[in-house]
Amino acid sequence: MPNAAMSDISTTPRPEIRHDFRNAEPRWQQAWAERRCFNVPDVPDGDKPKYYVLEMFPYPSGKIHMGHVRNYTLGDVVARYKRARGFQVMHPMGWDAFGLPAENAARERGVHPGKWTYDNIANMRAELKRMGLSIEWEREFATCDVEYYGQQQALFLDFFKAGLVGRKESWVNWDPVDNTVLANEQVIDGRGWRSGALVEKKQLSQWFFSITDYAQDLLDALGTLDRWPERVKLMQGNWIGRSEGARVRFALTEGGEVEVFTTRPDTLFGMSFLAVAAEHPLATAAAALNPAAAAFIAECRSMGTSEVAIEQAEKRGFDTGFRVKHPFIEGASFPVWIANFVLMEYGTGAIFGCPAHDERDFEFATKYGLGINQVVAPANGEAVKLPFTDEGLATNSGFLDGLGTVAAKRGAIERLEAMGVGTGVVNWRLRDWGVSRQRYWGCPIPFIHCEACGVVPVPAEQLPVKLPEDVDFSRPGNPLDHHPTWKHVNCPQCAKPARRETDTFDTFVDSSWYFARFCSPRAAEPVTRAAVDAWLPVDQYIGGIEHAILHLLYSRFFTRAMQQTGHLNVAEPFAGLFTQGMVTHESYKSVDGRWLYPEEIDFALAADGSRSATLKEGGTPVTIGRVEAMSKSKRNTVDPGAIIDKYGADTARWFILSDNPPERDMEWTESGVAGAHRFIQRVYRLAATPGGGSDAAASKKLRQATHRTIAAVTEAWESFSFNVAVARVHELGNAIADAEAADPAARQEALEALTRLISPAMPHLAEELWSLLRPGSAELVAELPWLDADPALLKADSLTLAVQVLGKLRATIEVAVDADEATIFAAAEAEENVQRALEGRPIRKRIHVKGRVVNFVV
RNA sequence: GCCCACCUGGCGGAAUGGUAGACGCAGCGGACUUAAAAUCCGUCGCCCGUAGGGGAGUGGGGGUUCAAGUCCCCCGGUGGGCACCA
């Protein structure tokens, strides 16, 4: 069966009328390009409103995959539809071109990262062009173009001047054998992915963006993003993680103090210990005095984050011997522990433990025999089961006794502030964004380190700081760092020998403003104000849910930073966001557990309908596995190029839209593609074959179907219900095929409407059909305005009403559109089935919902 | 553990509180063909019935309503996000 579908249906000679997509698709692509159908000025002219459609730009890995096909098809539907709707549509494309894979290729194959990247771009651009996307290729750029990253450096210096950039020490994964910093995904089971050496944590001085300055605004503004998916807003909200509480300074009995953050200052009277993170200075101090403390800290550090799962339930601690005084209870003091569950990165790296009202503290106190003092009672007076973490009434809490949790928090903070030992604060989960990467293939950070002057920005006239071409990947580490000359420069301030910053930017920086650069991609400044003022924000942004947090949050931050530095004047970059699902496919495994490509397999269908599979070579059985996201490692990928060769771009586009709602994961199936192609050929045959009769009723019926379809498909394209749009188009196709008696004018109208309705999805076929239907016409469907349904034809002549008795369907009746209620009730009651269901019982209530239903209550 | 989403025929899915299963895929029967492919016609959720028709039915249980896939409550399952977050 699948063999049949796999056979090359387009090369088999046959006499029928067929759409020759191999000839047609390149021809129409050329026609659009020649007419510059998709070009818009940097500053929109005329009175057409603007619409900016953008899909997340691809990483140039070498080949496009089905995820790209889906992403860019969805965007192209929106772009083409909005264009027809009278908008000036900007729809650009570019390349997220810096990143680690290019360096890996350099190390593995000796090819320069730049050559590898630009070769990949050339290849992928050609593949994308075959899809017939309505993209304005004149705006294309790659983030590794010096014209782009040079402007990024200028932007960074502006941010620096505005105080949005800083330097901090931070921890990195360090490979001691390769002497290199590792990204998280390069650390496998605690070891470097190449050297296999145990990864160490090391502190480096790094550049940071002060994204936390905008935490409140980034959180609040989520409420204004009404065309974003709720779950993305929720994920961003959780990531930003606002919590209100207090910072409290505890005095050590030996002198000195330690500050904690808490969200429950109302439970201070229930304190029985204080705990600090292993990296906390107090822990370091304890280690200096006590080798056992040092050993415990070392143990915590070696555990690493990946082993947390193993030790998960195990709360472990070490008593430092230090003690702190309680701020409210005169004379009371409590032990200071080092605890493995306290995070240095969150709050202050120290907590006070109140076991009676916190799960973790309870577990810890139970294990180490620390006190458990109840200080909150359930408000309803019920018996308490500890730990009790809900709100309630303060008890055993001195001046707080009797207060509700909210009031008690306030009371505790007021007292702490009055005593000068604490303050109410808002704490964020969000941390500042570290952007330094110790790599070659990225945008150089435009700074110079001078022994005398410190960190000095590269003067604007010396930008761009270009990456050197001659780099050596034969030794580990950052090639910029061991380049013989590149980093040696003179200090711009004192002119003495100095050292150029050899770190490059995190590639998330590159993708945080590319959407703004598209508005004026060749400008000699980061963006042209008139262009960004005209085009931003992006009206519809489309991409994968995997970028729900970081990329979108960083872009939102960058837009604010650019607003603050006067580069543009919007806060939110993306007014509308759509997150598409993944493309999945069945996976296959051989008897010896190897993943297999679909092409290696023969399929068979058993009598009971079950499918089986065998290896083409050797005929051994194959296990048909789960439907999973397409991935090279599982070999369940389908090459878009091969699909376009075999079926054409329109088929791929139509199938990808028809299968299911675009926000869900879709399954790529060979039979589904074949079905989409079948529809294309069917429509082409309908348009190429003259037909029609002269039956007035049939004509009217077809015209009504046409206009109902126009209304329904318009609504579906508008609302991302693309699979429903496809279904409605199928219905119109069926209606045309069935309407043999309809007159030629009605048939022509239906075919023309169908052509224009499918044009956002299958642009090549639409042009081909249009040239069939309007011979000699020089028009391009790509330039035609959208269709409007005729309201007169949307009205039906008669209505079919459901007749229910006690809410159960018993019959349907045909009534005139203008029939009055009495007539309708009479007709409904007269139905034989209705009479039977009534069983002679009197009707207590008659309900009539116009155009829908009649319901009798007995 | 916390938060969120989802659960409808063999499959993908459709359904402003108003005829559940549109449309497609797969299947089945037939026409055409020497044969196959392609195409066309028909059929196609389950149970009972020759049929007209009837019954139950949208993960399970309860509720609101003349009427629930849709709204509310509880439970279960699947998927996702975050996670020793103080």
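Source: prediction; values computed, not measured. Proteins come first, then strands; the chains are lettered A, B, ... in the order of their sequence lines, and each starts at number 1.
For the residue pair A:His848/A:Glu821, the side-chain donor-acceptor check at 3.5 Å is satisfied. No side-chain donor from either of A:Asn855 and A:Arg810 sits under 3.5 Å from a side-chain acceptor of the other. Side chain to side chain, A:Glu814 and A:Ser798 meet the donor-acceptor criterion of an N or O pair below 3.5 Å. When only modelled atom types and interatomic distance are considered, A:Asn723 and A:Ser658 share no side-chain donor-acceptor pair under 3.5 Å.
When the P atom is used for both B:C71 and B:U19, the distance is 16 Å, rounded to whole Å. Comparing the C1' positions of B:G69 and B:A56 gives a spacing of 16 Å, expressed to the nearest Å. Across the C1' atoms, B:A20 and B:G9 are found 11 Å apart, a figure rounded to whole Å. The gap from the P atom of B:G59 to that of B:A68 amounts to 15 Å, rounded to the nearest Å. For the P atom pair drawn from B:G24 and B:G77, the interatomic distance equals 37 Å after rounding to whole Å. Separation of the P atoms belonging to B:U43 and B:C23 is 12 Å when rounded to the nearest angstrom. Taking atom C1' on both B:G30 and B:G80, the two are 48 Å apart, rounded to the nearest angstrom. Distance check on atom P: B:C28 versus B:U33 gives 23 Å, rounded to whole Å.
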Quick one: which protein N/O atoms are closer than 3.5 Å to N/O atoms of nucleotides 65-67 of chain B? Pair and distance per line, please.
residue	atom	partner	partner atom	Å
B:C66	O2'	A:Asn855	ND2	3.1
B:C66	O2	A:Asn855	ND2	2.7

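Summary of the strand contacts: A:Glu731 and A:Pro661 both lie near RNA chain B, and taking for each the nucleotide with the nearest heavy atom, the more 5' one is attributed to A:Pro661. Mapping A:Val854 and A:Ala350 onto RNA chain B by nearest heavy atom places A:Val854 at the nucleotide closer to the 5' end.
Annotated as anti: B:G49, whose glycosidic dihedral deviates from 0 by more than 90°.
We find that CG of A:Leu809 is positioned 14 Å from C1' of B:G55, with the value rounded to whole Å. Rounded to whole Å, atom P of B:A86 lies 12 Å from atom CZ of A:Phe352. Put simply, CE on A:Met235 is 10 Å from C1' on B:C4, counting in whole angstrom units.
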*List the protein contact pattern of nucleotides 40-45 of chain B with one symbol per nucleotide (5' to 3'): B for base contact, S for sugar-phosphate-only contact, - for none; contact means a heavy-atom distance under 4.0 Å.*
S-----
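At least one donor-acceptor pair under 3.5 Å links the side chain of A:Asn660 to the backbone N or O of A:Asp665.
Counting any heavy atom pair closer than 4.0 Å across all strands shown, A:Thr262 reaches sugar-phosphate atoms only and no base atom. Counting any heavy atom pair closer than 4.0 Å across all strands shown, A:Val260 reaches no nucleic acid atom. At a threshold of 4.0 angstrom between heavy atoms, the contacts of A:Asn734 are confined to the sugar-phosphate backbone, with no base atom among them. Across all strands, A:Gly675 comes closer than 4.0 Å only to sugar-phosphate atoms, never to a base (heavy-atom distances). At the heavy-atom level, A:Thr800 lies under 4.0 Å from base atoms of the strands shown.
Taking side-chain N and O atoms only, A:Asn238 has no distance below 4.0 Å to OP1 or OP2 of B:C4. Taking 4.0 angstrom as the limit, A:Arg728 places none of its side-chain polar atoms (N or O) nearer than this to OP1 or OP2 of B:A22. In this model, the phosphate group of B:A86 is not approached by any side-chain N or O of A:Arg247 to a distance below 4.0 Å at OP1 or OP2.
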*Can A:Glu829 and A:Arg846 be said to form a salt bridge (Lys or Arg N to Asp or Glu O under 4.0 Å), step by step?*
CA-CA 10 Å; A:Glu829 234 172 296; A:Arg846 295 174 168 82; 3.1 Å; yes
*Could you walk me through whether A:Lys646 and A:Glu670 pass the salt bridge (Lys or Arg N to Asp or Glu O under 4.0 Å) test, one step at a time?*
CA-CA 11 Å; A:Lys646 189 162 152 187; A:Glu670 190 63 31; 3.2 Å; yes
_Assess the residue pair A:Arg242 and A:Gln216 against the criterion (side-chain hydrogen bond (donor to acceptor under 3.5 Å, both in side chains)); give the C-alpha distance rounded to whole Å, side-chain angles, the decisive distance to 0.1 Å, and a yes or no._
CA-CA 8 Å; A:Arg242 184 183 200 274; A:Gln216 188 71 58; 3.0 Å; yes
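Screening A:Asn636, A:Thr584, A:Ile643 for a side-chain contact (heavy atoms from CB on, under 4.5 Å) with A:Trp668, the sole residue that qualifies is A:Ile643.
Considering only the side chain of A:Ile549, B:G81 comes nearest among B:G81, B:C23, B:A14. Distance from the side chain of A:Arg836 is smallest to B:G53 among B:G53, B:C4, B:A86. Distance from the side chain of A:Ala727 is smallest for B:C23 among the nucleotides B:C23, B:A86, B:C84. Nearest nucleotide to the A:Val724 side chain, out of B:A14, B:G53, B:C25: B:A14.
Between the side chain of A:Arg852 and the base of B:U16 there is at least one donor-acceptor pair of N/O atoms closer than 3.5 Å.
The pairing partner recorded for B:A26 is none, the criterion being a Watson-Crick or G-U wobble arrangement whose two distances lie under 3.5 angstrom. The base-pairing partner of B:C82, taking Watson-Crick or G-U wobble contacts with both distances under 3.5 Å, is B:G1. Checking B:A14 for Watson-Crick or G-U wobble geometry (two distances, each under 3.5 Å) identifies no partner in any strand. With a cut-off of 3.5 Å on both pairing distances, B:A38 has no Watson-Crick or G-U wobble partner at all.
Ionic pairing of A:Arg708 and A:Glu731 is not present here: no N-O contact between side-chain nitrogen and carboxylate oxygen is shorter than 4.0 angstrom.
Here ring-ring contact (aromatic ring centres under 6.0 Å, His included) pairs that include residues 347-366 of chain A, with residues two or more places apart or in two chains, are A:Phe273-A:Phe364, A:Trp337-A:Phe364, A:Phe341-A:Phe364, A:Phe364-A:Tyr368.
More than 12 heavy atoms of other residues, nucleotides or ligands sit less than 6.0 Å from atom CZ of A:Arg429.
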